[in-house]
Amino acid sequence: MFFRSALIAISVLFPASLSHAAWKPVEREKTYAVYGKTGAELYESIGENGPKLGPTRAIAYTDFKLTWRRDYRPQADGSCKLVSATPKLIITYKLPKPASRLSAATKRRWAMFIDGIRTHEKVHGEQIIDMVRKIEAVSIGFSHADDPKCKKIYGELKKHLSRLSLEQRAKSRDFDRDEMSNGGNVHQLILELVNG
């Protein structure tokens, strides 16, 4: 099904003792062109021009880039402690955009469709932000014994990061499955766009 939405996840890490207000994600939208005069033609164009994710094409997708500035400190007892970690999170929503002017009726249907798709993708964005906050919570203060040169700590921390990344991916898949099943929100948006 080419209307399947997707999320590309990259596992990484972050802290709890810093306030959530200390960092904010950057959110941006990118578009790709779709062609047609009717809702059905626009949807067909999405199937032909939408972002390719594996064997299928998506209506829209949410991607992110997450990097960290971390401060690992050797401790007097020979352990290593992660004393601070600051994330830089950039979330990108890729959405379709008609390449030409639409009739008033099609324009109204398209506006309802794209608003619903944008809302759907924003949930994926919130899931990513939630993952980063959870990573934040397990990271600050994380320590590893017998690591005076702070060489082993990341390998141990990475186990937590992988778990949190897998949890986020599962939530994303479950959300997409519900939204795109018969009668789900995205399914309804497609029907309203195509059938008017």
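Just so you know, these numbers come straight off a predicted model, no measurement behind them.
Interatomic distance, CG of Asp77 versus CG of Asp147, reported as 11.0 Å (0.5 Å rounding). Between the CD atom in Glu41 and the CG atom in Leu193 there is a gap of 11.0 Å [rounded to 0.5 Å]. Lys37 contributes atom NZ, which lies 9.0 Å from atom OG of Ser103 (distance to the nearest 0.5 angstrom). Taken from NZ in Lys122 to CD1 in Ile129, the straight-line distance is 8.5 Å, to the nearest 0.5 Å. Here the NZ atom belonging to Lys30 is positioned 7.0 Å from the NZ atom belonging to Lys94, to the nearest 0.5 angstrom. Arg69 CZ to Thr86 OG1: the interatomic distance, rounded to the nearest 0.5 Å, is 4.5 Å.
Looking at Ser162, its side chain does come within 3.5 Å of a backbone N or O of Lys158 through a donor-acceptor pair. Proximity of a side-chain donor or acceptor of Ser45 to a complementary backbone N or O of Val34 within less than 3.5 Å is not detected. Under the 3.5 Å distance criterion, the side-chain polar atoms of Glu121 are matched with a main-chain donor or acceptor of Thr62.
Aromatic ring centres of Phe175 and His120: separated by under 6.0 Å.
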Practice task
Go through the steps to decide whether Asp115 and Met112 satisfy the test side chain to side chain contact (heavy atoms under 4.5 Å, CB included), and finish with yes or no.
Solution key: CA-CA 5 Å; Asp115 285 348; Met112 287 180 11; 6.0 Å; no
Handout entry: salt bridge (charged side-chain N to carboxylate O under 4.0 Å, His left out) evaluation trace for Arg163 with Glu167
Key = CA-CA 6 Å; Arg163 175 182 53 82; Glu167 285 176 10; 3.3 Å; yes
Handout entry: Stepwise salt bridge (charged side-chain N to carboxylate O under 4.0 Å, His left out) test for Asp174 and Arg177
Key = CA-CA 5 Å; Asp174 291 346; Arg177 186 179 57 247; 3.0 Å; yes
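Residues forming a side chain to side chain contact (heavy atoms under 4.5 Å, CB included) with Asn182 (at least two apart in sequence, or on another chain): His187. For Glu29, the side-chain hydrogen bond (donor to acceptor under 3.5 Å, both in side chains) partners two or more places apart in sequence, or in a different chain, are Arg118. Residues passing the side chain to side chain contact (heavy atoms under 4.5 Å, CB included) test with Leu189 are Phe113, Ile117, sequence neighbours excluded. Looking at residues two or more places apart in sequence or on another chain, you find a side-chain hydrogen bond (donor to acceptor under 3.5 Å, both in side chains) between Arg28 and Thr92.
Across Gly36 and Leu102, no two heavy atoms sit closer than the pair O-CD2, 3.6 Å. Between Tyr32 and Ala58 the shortest heavy-atom distance is OH-O, 3.6 Å. Between Glu156 and His160, the closest heavy-atom pair is O-CD2, 3.9 Å. Heavy-atom minimum distance, Leu42 versus Pro98: CD2-CB, 4.2 Å. Of all the heavy atoms in Ser79 and Ala145, the pair that sits closest is CB-CA, 3.8 Å. Contact between Leu82 and Ser139 at its shortest, heavy atoms only, is CD2-O, 3.4 Å.
Through direct or relayed side-chain contacts under 4.5 Å between Ile, Leu, Val, Met, Phe, Trp and Tyr, Val26 connects to Ile90.
Counted within 6.0 Å of NZ on Lys151, heavy atoms from surrounding residues, nucleotides or ligands total 12 or fewer; the atom is thus considered open. Around NZ of Lys152, the count of heavy atoms belonging to other residues, nucleotides or ligands within 6.0 Å exceeds 12.
Using a 4.5 Å heavy-atom threshold, the side chains of Lys171 and Gln168 count as separate. Annotation: side chain of Ile140 is in contact with side chain of Ser84 (closest heavy-atom distance under 4.5 Å). Between Ile128 and Leu66 there is no side-chain heavy-atom pair separated by less than 4.5 Å. Counting heavy atoms from C-beta outward, Arg173 and Asp176 have side chains that stay 4.5 Å or more apart. Proximity of Tyr43 to Ile59: side-chain heavy atoms (C-beta onward) are separated by under 4.5 Å at one or more points.
Among residue pairs with one or both ends in residues 142-187, those qualifying as disulfide (SG to SG under 2.5 Å) are Cys80-Cys150; sequence neighbours excluded.
Hydrophobic clustering (ILVMFWY, side-chain heavy atoms < 4.5 Å, transitive): Trp23 and Phe142 are in one cluster. At a threshold of 4.5 Å between side-chain heavy atoms, the hydrophobic network of Ile, Leu, Val, Met, Phe, Trp and Tyr places Val123 and Leu89 in two separate groups.
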